[in-house]
*Asks:* 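Got a structure here, written out as structure tokens. Questions coming.
All figures in this text were calculated on a predicted structure; none of them were measured in a lab. Start at 1 and go down the list; that is how both ligands and their atoms are numbered.
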Amino acid sequence: MIDTHSHMYAEEFDTDRDEALQRAWDAGIETLILPDIDSESRDRMFDMARREPQRCRPMLGLHPTSVNDNPRWQEELDMVERLLAAPPMPVCGVGEIGLDLYWSREFYGIQREVFHAQVELALKHDMPVVIHTRSAYDEMLDAVNTYKGRGLRGIFHAYAADVDMARKLCRAGDFFFGIGGVVTFKNSGLDAVVRDMPLELLLLETDSPYLTPVPHRGKRNESAYVVHVCRKVADLHGVDEAVVDRLTTATARQLFAL
Ligand SMILES: [Zn+2]
């Protein structure tokens with residue numbers, strides 16, 4: 001199994017990261033994909049990846065909320081461009097990038113500019129993108145529609161829109177949908193969406209330390225808990241967990257060239 005979205009390099013794991021990682025390996029997780037946020041946490045991400053280079057695969061990218069209220073956003077973007085040209089260790093994608101209008105629409109223009117710049121970088125380096133979208137699916141559809149026919153590929157991480165939106169997004173590129181702990185929440189509505197989506201389009205993720213699945217909801221999330229997401233997706237599709245594991249692992253391996 002692969003956790004396609006793990007921030008286990010975050011401070012939340014500073015006292016017990018090794019133990020938490022061991023729990024992930026013991027749970028049968030073979031790889032953690034580490035999404036980048038910005039320069040503040042990037043060294044921590046690479047430090048963790050260097051200690052487990054076979055199992056932890058970092059990405060490079062500037063998170064949309066990291067440009068909000070940040071007069072240094074251009075500098076941050078330039079840094080991502082420079083690092084992608086000469087990464088300190090191999091990186092497997094450009095992310096996480098995207099649009100987040102949940103907190104404010106004030107920075108939409110800058111977020112959009114930073115998103116497009118990084119999609120161009122992904123295309124230039126022939127890498128997948130990992131896209132964060134919050135309160136901005138219509139805007140995101142407009143954004144990715146401009147890449148139709150250019151071979152853009154990637155993940156809509158923590159997917160939270162409906163099946164119709166997923167279909168529209170898929171026409172703009174070779175896209176997959178990251179499903180995490182929210183699918184296990186009562187009344188999230190995501191269960192009905194996941195039930196109607198083909199397993200071939202789904203990927204499993206935790207977004208640890210956030211969005212902790214049932215039965216650990218309310219506590220810190222960690223990559224080992226991706227097994228609960230797998231179980232829920234399997235239940236929704238009426239198949240064995242091993243089927244979901246096999247399909248999603250194959251998709252993730254291919255997308256990230258693991
Ligand atoms: Zn994330």
Side-chain angles (χ1 to χ4, degrees), residues 1-14 17 20-21 24 29 31-49 56-68 70 73 76-77 80 83 91-103 107 111 114-115 118-119 122 127-137 140 143 154-161 169 175-185 188 190 202-213 216-217 219-226 228-229 248 252 255-256:
M1 205 174 296
I2 295 178
D3 181 356
T4 59
H5 202 105
S6 175
H7 296 280
M8 278 185 67
Y9 57 86
E11 279 167 16
E12 281 86 340
F13 292 95
D14 278 359
R17 184 170 293 105
L21 280 175
I29 318 303
T31 308
L32 311 188
I33 305 292
L34 310 180
D36 188 16
I37 303 276
D38 57 32
S39 62
E40 209 170 292
S41 56
R42 186 167 297 135
D43 288 346
R44 310 168 64 84
M45 178 187 71
F46 279 122
D47 283 347
M48 177 174 154
C56 293
R57 302 302 185 99
M59 294 192 275
L60 276 166
L62 182 58
H63 194 285
T65 58
S66 293
V67 311
N68 292 5
N70 182 356
W73 66 266
E76 288 274 356
L77 178 59
V80 169
L83 284 167
V91 295
C92 65
V94 175
E96 54 185 297
I97 62 175
L99 297 174
D100 190 323
L101 303 178
Y102 177 78
W103 307 100
F107 307 99
Q111 286 191 7
V114 170
F115 175 73
Q118 295 186 101
V119 171
M127 281 182 177
V129 286
V130 170
I131 299 178
H132 169 110
T133 314
R134 194 174 185 198
S135 306
Y137 275 95
M140 181 51 72
I155 303 177
F156 288 98
H157 133 72
Y159 188 63
L169 291 165
F175 288 120
F176 302 89
F177 300 87
I179 306 302
V182 176
V183 76
T184 69
F185 298 175
S188 73
L190 187 62
L202 305 183
L203 287 165
L204 306 177
E205 64 173 48
T206 58
D207 203 15
S208 57
Y210 315 110
L211 301 176
T212 314
H216 303 289
R217 194 175 178 183
K219 294 185 227 145
R220 180 189 70 179
N221 198 4
E222 59 180 63
S223 287
Y225 298 166
V226 77
H228 301 295
V229 178
T248 55
L255 183 65
F256 290 107

*Asks:* Would you check if there is a donor-acceptor pair between the side chains of D100 and T65 at a distance under 3.5 Å?
*Replies:* no
*Asks:* I'd like to know: is the Zn ion (ligand 1) within the 2.8 Å range of an N/O/S atom from H132, strictly under that distance?
*Replies:* no
*Asks:* Say whether E222 and S208, considering side chains only, have a donor N or O and an acceptor N or O under 3.5 Å apart.
*Replies:* no
*Asks:* Look at H63 and state whether any of its N, O or S atoms is less than 2.8 Å from the Zn ion (ligand 1).
*Replies:*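 Not a single backbone or side-chain N, O or S atom of H63 is under 2.8 Å from the Zn ion (ligand 1).
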*Asks:* Going by side chain to side chain donor-acceptor pair (under 3.5 Å), name the residues that satisfy it together with T4, two or more places apart in sequence or in a different chain.
*Replies:*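 Side chain to side chain donor-acceptor pair (under 3.5 Å) list for T4, sorted by chain: empty.
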*Asks:* Taking the Zn ion (ligand 1) as the reference point, name the nearest N/O/S atom of H5.
*Replies:*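 Result for H5 and the Zn ion (ligand 1): NE2.
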*Asks:* Could I get the full list of side chain to side chain donor-acceptor pair (under 3.5 Å) partners for Q111, not counting sequence neighbours?
*Replies:* N68
*Asks:* Which atom name does E96 have for its N/O/S atom nearest to the Zn ion (ligand 1)?
*Replies:* OE2
